[in-house]
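For reference, the structure discussed in these notes is given below.
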Amino acid sequence: MAQITLKDINKTYKGSVKGGVKAVTNVNLDIKDKEFLVLVGPSGCGKSTTLRMLAGLEEVSTGTVQIDDRIVNDVPAKDRNIAMVFQNYALYPHMTVFENMSFGLRLRGYPKTEITRRVHEAAEILNIKHLLDRRPKQLSGGERQRVALGRAIVRKPKVFLFDEPLSNLDAKMRVQMRTEIHKLRLRLQTTFVYVTHDQTEALTLGDRIAVMKDGIIQQCDDPMTIYDKPANKFVAGFIGSPPINFMSGQIIKKAGKYYFDEGSFEVKLVENMSKVVAPYEGKEVFFGIRAEDIYDKLFVSESTPDNTILAICEVVEPLGSEVYLYLNTGKHSFIARVGAHNRPEINREMSLVFDMSKVHFFDKETEKTII
């Protein structure tokens with residue numbers, strides 16, 4: 001069992017700035033046994049610092065770190081029964097793969113027979129048995145990452161911690177290693193805490209995602225809730241590829257119906273949004289719509305003037321199975337993701353249909369989600 005509780009965690013680095021630099025602010029997380037939790041956010045948001053405090057590599061300024069029923073703030077990293085996989089692999093260049101994987105066990109005084117058994121077992125899981133006699137310089141990036149994973153597996157820890165483990169790999173290898181980590185998690189059935197700046201990794205790997213910005217957790221929920229019901233404009237813009245389209249404009253009311261007025265177009269809100277947006281009538285808001293919720297009118301069987309706009313197609317970007325259209329209303333640029341067959345003419349005006357049941361609105365001042 002390995003349940004983790006981070007309660008009121010703060011981290012302040014002392015320095016020339018008065019009061020120090022606050023890296024993490026009031027982080028509260030309950031990570032369940034066998035859960036895969038992903039900490040995601042831009043560089044400098046505090047996700048790696050949070051992971052390092054959990055690992056015992058950084059001191060907690062205030063708050064408590066608890067693993068199962070034990071508060072571990074003052075427990076050294078080596079005694080927390082945690083294994084960490086780093087971004088740069090952290091392998092000893094003069095040791096073979098076998099020696100790298102067994103190093104931690106040898107330090108703890110395990111018998112040679114047990115060490116050999118565990119190393120071969122981990123190597124079998126990761127398909128690297130044929131590499132045990134090689135040194136790191138003879139391995140590819142993906143093979144080095146597997147060795148780093150193997151070194152963590154042999155210890156049979158309560159918790160696995162990953163600090164951006166795939167960021168040094170090429171795109172194809174990242175996809176492959178994501179699959180390997182997912183299989184590993186299913187096989188080992190233990191608790192994983194994974195840090196990344198890549199929202200694709202977060203969406204594909206995590207049972208839950210904690211989105212961080214400026215040292216503060218903005219939202220923590222399952223991937224589809226984060227995607228479909230973001231807590232604020234930052235979360236909506238960070239999660240999703242391509243990023244959600246934002247436009248500013250006003251909520252207006254005509255003939256008893258509510259509309260979003262962007263300045264160059266108006267679209268009518270669906271009925272179930274009316275009560276929520278009513279207090280914003282006449283006010284500036286942010287409007288958000290994802291690229292996959294915008295359609296070329298030529299390929300839509302049902303549309304109305306209330307959800308159709310005109311825009312200039314500036315760039316057509318074919319991606320094999322789909323096409324990205326880069327569009328401009330005159331006030332805002334935005335992206336539509338359409339089918340591979342859809343190739344409109346560049347610099348020509350086209351009619352586009354918005355799926356108004358999928359749009360979001362955000363408060364202009366607080367940037368919190370209205371709906």
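Predicted model, so just to flag it, every value in this text is computed and none were measured.
Exactly one residue among Asn26, Asn28, Thr25 makes a side-chain hydrogen bond (donor to acceptor under 3.5 Å, both in side chains) with Asp8. That residue is Asn28. Under the salt bridge (Lys or Arg N to Asp or Glu O under 4.0 Å) rule, Glu124 has a single partner from Arg187, Arg117, Lys129, Arg146, which is Lys129. When the options Leu39, Ile217, Asn10 are evaluated for a side-chain contact (heavy atoms from CB on, under 4.5 Å) with Val27, the one that passes is Ile217.
Across Asn81 and Pro157, no two heavy atoms sit closer than the pair OD1-CA, 3.4 Å. The minimum heavy-atom distance linking Asn245 with Arg290 is given by the pair ND2-C, 4.1 Å. What you find for Leu169 and Gly142 is that their closest heavy atoms are CD2-N, 3.7 Å. Scanning both residues, Val60 and Thr62, for their nearest heavy atoms gives CG1-O, 3.1 Å. In terms of heavy atoms, Val24 sits closest to Ile9 at CG1-O, 3.7 Å. Minimum heavy-atom separation, Pro230 to Val235: CB-CG1, 3.9 Å.
Taking the side chain as every heavy atom from C-beta outward, Lys158 and Gln3 never approach each other to under 4.5 Å. In this structure, the side chains of Leu166 and Arg178 come closer than 4.5 Å at one or more pairs of heavy atoms. Inter-residue side-chain proximity for Ile309 and Phe334 is flagged as met; some heavy-atom pair is nearer than 4.5 Å. Contact of the Thr116 side chain with the Arg118 side chain is not registered, since no non-hydrogen atoms from C-beta on lie closer than 4.5 Å. Contact check for Tyr295 versus Phe299: no side-chain heavy atoms found under the 4.5 Å cut-off. Side-chain contact between Ile71 and Val65 is absent, with no heavy atoms from C-beta onward closer than 4.5 Å. Between Pro165 and Gln145 the shortest side-chain heavy-atom distance falls below 4.5 Å. Side-chain contact check for Ile115 versus Pro111: every heavy-atom pair is 4.5 Å or farther apart.
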Show every donor-acceptor pair shorter than 3.5 Å between a side-chain atom in residues 348-355 and any protein atom, with sequence neighbours excluded, or say none if there are none.
unit_1: Asp355; atom_1: OD1; unit_2: Ser357; atom_2: N; d: 3.1
unit_1: Asp355; atom_1: OD1; unit_2: Ser357; atom_2: OG; d: 2.6

Tabulate below the donor-acceptor pairs under 3.5 Å that side-chain atoms of residues 97-109 make, not counting sequence neighbours, or state none.
unit_1: Glu99; atom_1: OE1; unit_2: Thr96; atom_2: N; d: 2.8
unit_1: Glu99; atom_1: OE1; unit_2: Thr96; atom_2: OG1; d: 3.4
unit_1: Asn100; atom_1: OD1; unit_2: Tyr92; atom_2: N; d: 2.7
unit_1: Asn100; atom_1: ND2; unit_2: Tyr92; atom_2: O; d: 3.1
unit_1: Asn100; atom_1: ND2; unit_2: Met95; atom_2: O; d: 3.3
unit_1: Asn100; atom_1: ND2; unit_2: Thr96; atom_2: O; d: 3.1
unit_1: Ser102; atom_1: OG; unit_2: Phe98; atom_2: O; d: 2.9
unit_1: Ser102; atom_1: OG; unit_2: Glu99; atom_2: O; d: 3.3
unit_1: Ser102; atom_1: OG; unit_2: Arg106; atom_2: NE; d: 3.2
unit_1: Arg106; atom_1: NH2; unit_2: Glu99; atom_2: O; d: 3.0
unit_1: Arg108; atom_1: NH1; unit_2: Gly104; atom_2: O; d: 3.1

Can you give each donor-acceptor pair under 3.5 Å made by side-chain atoms of residues 314-327, sequence neighbours left out, with the distance rounded to 0.1 Å?
unit_1: Glu317; atom_1: OE1; unit_2: Tyr326; atom_2: OH; d: 3.1

Using a 3.5 Å cut-off and no angle test, enumerate the donor-acceptor pairs between side-chain atoms of residues 265-275 and protein atoms at least two apart in sequence or in another chain.
unit_1: Glu266; atom_1: OE1; unit_2: Lys254; atom_2: NZ; d: 2.7
unit_1: Glu271; atom_1: OE2; unit_2: Lys257; atom_2: NZ; d: 2.9
unit_1: Ser274; atom_1: OG; unit_2: Glu271; atom_2: O; d: 3.2

Side-chain donor/acceptor pairs under 3.5 Å, residues 50-59, sequence neighbours excluded:
unit_1: Thr50; atom_1: OG1; unit_2: Gly46; atom_2: O; d: 2.8
unit_1: Glu58; atom_1: OE2; unit_2: Tyr13; atom_2: OH; d: 3.2

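A salt bridge links Arg185 to Asp207: one of the charged nitrogens lies within less than 4.0 Å of a carboxylate oxygen. Using a 4.0 Å cut-off between a side-chain N of Lys or Arg and a carboxylate O of Asp or Glu, Lys283 and Asp363 do not qualify as a salt bridge. Note on Glu35 versus Arg208: salt bridge recorded, some NZ/NE/NH1/NH2 to OD/OE distance being below 4.0 Å.
Between the CG atom in Asp214 and the SG atom in Cys45 there is a gap of 8.5 Å [rounded to 0.5 Å].
Phe192 has its ring centre less than 6.0 Å from the ring centre of Phe162. Taking the six-membered ring for Trp and the full ring otherwise, His182 and Phe36 have centroids separated by 6.0 Å or more.
By the criterion of side-chain heavy atoms lying less than 4.5 angstrom apart, applied directly or through intervening Ile, Leu, Val, Met, Phe, Trp or Tyr residues, Leu139 is grouped together with Val85 in one hydrophobic cluster. Residues Leu298 and Ile294 do not share a hydrophobic cluster, clusters being chains of Ile/Leu/Val/Met/Phe/Trp/Tyr side chains in contact below 4.5 Å. Grouping the Ile, Leu, Val, Met, Phe, Trp and Tyr side chains by contacts below 4.5 angstrom, directly or via other members, places Leu205 apart from Met212. Linking Ile, Leu, Val, Met, Phe, Trp and Tyr residues whenever their side-chain heavy atoms come within less than 4.5 Å places Met84 and Val193 in a single cluster.
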Checklist entry - Do Glu164 and Thr196 pass the side-chain hydrogen bond (donor to acceptor under 3.5 Å, both in side chains) test, and can you show the C-alpha distance, the side-chain angles, and the key distance before you say yes or no? => result CA-CA 5 Å; Glu164 305 212 32; Thr196 182; 5.1 Å; no
Item to check | Criterion ring pair (Phe, Tyr, Trp, His ring centres under 6.0 Å) on Phe287 and Phe246, from CA distance to verdict | outcome: CA-CA 6 Å; Phe287 169 89; Phe246 291 117; 9.6 Å; no
Item to check | Intermediate values then yes/no, side chain to side chain contact (heavy atoms under 4.5 Å, CB included), Val21 and Thr12 | outcome: CA-CA 5 Å; Val21 176; Thr12 303; 5.8 Å; no
Checklist entry - Should Asp163 and Tyr194 be marked as a side chain to side chain contact (heavy atoms under 4.5 Å, CB included) after you check the CA-CA gap, both sets of side-chain angles, and the distance that decides it? => result CA-CA 6 Å; Asp163 191 6; Tyr194 189 103; over 6 Å; no
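A cation-pi geometry, defined here as NZ or CZ lying under 6.0 Å from the six-membered ring centre and within 45° of its normal, does not hold between Lys233 and Phe362. Within the cation-pi definition used here (under 6.0 Å to the ring centroid, within 45° of the axis), Lys364 qualifies as a partner of Phe286.
Looking only at distances, no side-chain donor or acceptor of Thr225 sits under 3.5 Å from a matching main-chain atom of Asp221. The main-chain N or O of Tyr89 is found under 3.5 Å from a side-chain atom of Arg151 such that the two form a donor-acceptor pair. Side chain of Glu180 to main chain of Leu126: no donor-acceptor pair is present (N/O by atom type, distance under 3.5 Å, no hydrogens or angles). With Arg337 contributing its side chain and Ser241 its backbone, the two residues share a donor-acceptor pair below 3.5 Å. Side chain of Gln66 to backbone of Asp68: a donor-acceptor contact under 3.5 angstrom is found. Glu281 contributes no side-chain N or O that, together with a main-chain N or O of Gln250, makes up a donor-acceptor pair within less than 3.5 Å. Within the 3.5 Å criterion, the main-chain N or O of Ile82 finds a donor-acceptor partner in the side chain of Arg155. With Thr191 contributing its side chain and Lys34 its backbone, the two residues share a donor-acceptor pair below 3.5 Å. For the pair Asn328 (side chain) and Ala311 (backbone), a donor-acceptor distance under 3.5 Å is absent. Counting only distance, with no hydrogens or angles, the side chain of Thr204 and the backbone of Glu201 share a donor-acceptor pair below 3.5 Å.
Checking Ser248 against Glu284 by side-chain atom types alone, no donor-acceptor pair falls below 3.5 Å. Side-chain atoms of Asn232 and Thr369 include no donor-acceptor pair closer than 3.5 Å.
Residues meeting the side-chain contact (heavy atoms from CB on, under 4.5 Å) test with Pro279, sequence neighbours left out: none.
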